[in-house]
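See structure below.
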2 protein chains.
Amino acid sequence: MARTVFEKPDAIALVAEVFRELGYEGASMSHITARTKLSKGSLYHFFPGGKEEMAAEIMANIDTWFVMEMFRPLEEGEPRAAIARMWETTDSYFRSGRRICLIGAFALDETRDRFSAAIQGYFYRWIEALAGALVKAGLPGAEAKTLAEEAVVGIQGALTLARALGDDTIFGRTLTRLKERLESALA
Amino acid sequence: MARTVFEKPDAIALVAEVFRELGYEGASMSHITARTKLSKGSLYHFFPGGKEEMAAEIMANIDTWFVMEMFRPLEEGEPRAAIARMWETTDSYFRSGRRICLIGAFALDETRDRFSAAIQGYFYRWIEALAGALVKAGLPGAEAKTLAEEAVVGIQGALTLARALGDDTIFGRTLTRLKERLESALA
DNA sequence: GACCTTCTAAACTGATCGGTCTATAAGATA
DNA sequence: TATCTTATAGACCGATCAGTTTAGAAGGTC
């Protein structure tokens with residue numbers, strides 16, 4: 001029998017896309033094996049804890065990616081450049097709105113109860129990192145917090161509407177609007 | 001055997017809450033029977049088409065409610081009063097952010113494919129109705145469209161974050177911000 | 001080559017899935 | 001009271017679920 005060898009990072013990325021398309025409950029093991037071409041043997045070898053472990057590792061993986069690519073630059077880099085980079089990173093990560101936020105989707109059903117700490121931490125840190133950069137760029141704390149919250153709210157809402165309306169333009173339009181709002185606050 | 005008699009509108013409301021909590025795939029028939037106290041016999045009596053028919057009727061029900069309570073007033077009533085009423089209706093319908101938007105949640109996983117027309121129509125009409133009221137209140141069409149879209153995006157994003165963060169205040173804060181933005185555009 | 005670890009393939013299991021069916025309870029009509 | 005309609009209860013069905021197990025393929029180490 002033909003044997004394809006995968007490594008765990010590949011497995012995580014492949015399974016993540018299935019969860020993203022079908023949701024946690026909607027992604028059955030047979031969907032996952034069919035779409036990823038990983039056999040059950042492989043999946044349970046990499047993730048002995050089954051679906052729950054897959055989802056936990058995927059979320060940890062996403063979290064690490066955001067920390068490296070967005071949160072740390074916001075926290076440690078030159079604030080205006082890091083914010084500019086955040087908009088680009090956001091647009092490319094979410095494929096201009098054609099790819100949903102798995103963490104946000106998990107927040108909406110009872111999957112949230114399984115992973116509440118990870119979900120909460122992801123959004124909390126995003127808002128805090130952006131607010132911190134805005135403060136470093138010269139805004140008062142309260143205004144920075146409000147604007148940061150508004151930005152993350154807008155990104156999540158735009159992802160929902162992009163998907164709901166099947167509209168490829170609303171995400172970019174929303175990002176531009178949010179970006180301009182931050183820039184005019186910093187001007 | 002004790003026999004409890006339900007009427008169909010009760011069944012719709014009860015099942016809706018289960019979908020809202022668990023999502024479409026997460027809400028199994030046994031969850032639904034356990035939480036609603038409706039037996040399978042009753043459920044399939046009211047909804048011969050099973051889960052799919054339940055979800056379709058629930059969405060139609062929500063849609064009708066929004067049309068009556070929000071979209072029609074926006075389309076036909078005095079625009080400023082209708083917009084003011086929209087914010088109140090939104091806050092109370094979503095229980096200040098403790099209740100999610102079922103239509104928005106369905107948009108995020110493959111449930112969307114089953115109900116895409118209903119999902120798309122709901123958001124499209126909401127944005128159109130609000131934009132129409134803004135035009136009637138004196139705004140240029142393009143600005144009205146942008147502001148309406150921003151409002152609905154913000155509401156959906158705030159629902160996601162309210163749930164993700166377990167934060168009871170973010171929804172109200174976002175509604176207030178969006179409301180003020182519309183008011184200053186109209187001033 | 002012998003051995004060992006890592007990984008894959010798929011048959012298999014018991015539980016749960018969505019959905020069907022039968023029996024009957026309760027009210028309406030007469 | 002007899003009958004008819006509507007709605008409820010829950011046993012039952014085949015399919016699919018998540019997860020386990022067995023067997024062996026591939027590659028590294030000696």
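Applying the salt bridge (charged side-chain N to carboxylate O under 4.0 Å, His left out) rule to A:Glu128 yields no partners; only residues at least two apart in sequence or on another chain are considered. Among residues two or more places apart in sequence or in another chain, the side chain to side chain donor-acceptor pair (under 3.5 Å) test is passed with B:His45 by none. Listed by chain and residue number, B:Tyr24 satisfy the ring pair (Phe, Tyr, Trp, His ring centres under 6.0 Å) test with B:Phe19 (two or more places apart in sequence, or in another chain). Considering only residues two or more places apart in sequence or on other chains, B:Thr176 meets the side chain to side chain donor-acceptor pair (under 3.5 Å) condition with none of them. By the side chain to side chain donor-acceptor pair (under 3.5 Å) test, A:Asp63 is found to be paired with no residue, residues two or more places apart in sequence or in another chain being considered. Applying the salt bridge (charged side-chain N to carboxylate O under 4.0 Å, His left out) rule to B:Glu25 yields no partners; only residues at least two apart in sequence or on another chain are considered.
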Check: residues 79-89 of chain A side-chain donor-acceptor pairs under 3.5 Å, at least two apart:
| unit_1 | atom_1 | unit_2 | atom_2 | d |
| --- | --- | --- | --- | --- |
| A:Arg80 | NH2 | A:Ala137 | O | 3.3 |
| A:Arg85 | NH2 | A:Glu69 | OE1 | 3.3 |
| A:Thr89 | OG1 | A:Arg85 | O | 2.8 |

Pairs of donor and acceptor atoms involving the side chains of residues 93-107 of chain B, under 3.5 Å and at least two apart or interchain, shall be tabulated with distances.
| unit_1 | atom_1 | unit_2 | atom_2 | d |
| --- | --- | --- | --- | --- |
| B:Tyr93 | OH | B:Arg20 | NH2 | 3.1 |
| B:Arg95 | NH1 | B:Ser92 | O | 3.3 |
| B:Ser96 | OG | B:Asp91 | OD1 | 3.4 |
| B:Ser96 | OG | B:Asp91 | OD2 | 3.4 |
| B:Arg99 | NH1 | B:Tyr93 | O | 3.0 |
| B:Arg99 | NH2 | B:Glu17 | OE2 | 3.0 |

Throw together a table of side-chain donor-acceptor distances under 3.5 angstrom for residues 178-187 of chain B, partners on residues two or more places apart or in other chains.
| unit_1 | atom_1 | unit_2 | atom_2 | d |
| --- | --- | --- | --- | --- |
| B:Arg181 | NH1 | A:Glu150 | OE2 | 3.0 |
| B:Arg181 | NH1 | B:Glu150 | OE2 | 2.7 |
| B:Arg181 | NH2 | A:Glu150 | OE2 | 3.4 |
| B:Ser184 | OG | B:Glu180 | O | 3.4 |
| B:Ser184 | OG | B:Arg181 | O | 3.2 |

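The CG-C1' distance, from B:Leu43 to C:dC17, rounds to 15 Å in whole Å. Rounded to whole Å, the distance from CG on A:Leu38 to P on C:dT8 is 7 Å. Distance B:Lys40 NZ to C:dG18 P: 7 Å, rounded to the nearest Å. Here the P atom of nucleotide C:dC7 and the CD atom of A:Glu7 are 8 Å apart, to the nearest Å.
Below 30°, between 30° and 60°, or above 60°: for A:Trp126 and A:Tyr122 the angle between ring planes is above 60°, a perpendicular geometry.
For A:Ser39, no side-chain nitrogen or oxygen approaches OP1 or OP2 of C:dT8 to under 4.0 Å.
Listed by residue number, the members of residues 47-55 of chain A with any heavy atom below 4.0 angstrom from DNA chain D are A:Gly50, A:Lys51. Listed in residue order, the members of residues 15-33 of chain B having a heavy atom less than 4.0 Å from DNA chain C are B:Ala27, B:Ser28, B:Met29, B:Ser30.
Heavy atoms of other residues, nucleotides or ligands lying less than 6.0 angstrom from NZ of B:Lys145 number 12 at most.
Side-chain proximity of A:His45 to C:dT8, D:dA9, D:dA18: nearest is C:dT8. The side chain of A:Tyr44 approaches D:dG19 more closely than any other nucleotide in the set C:dG18, D:dG19, C:dT8.
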Pairing string, 5' to 3', for DNA chain C - Watson-Crick or wobble contacts under 3.5 Å, brackets [ ] where pairs cross, | to another strand:
||||||||||||||||||||||||||||||
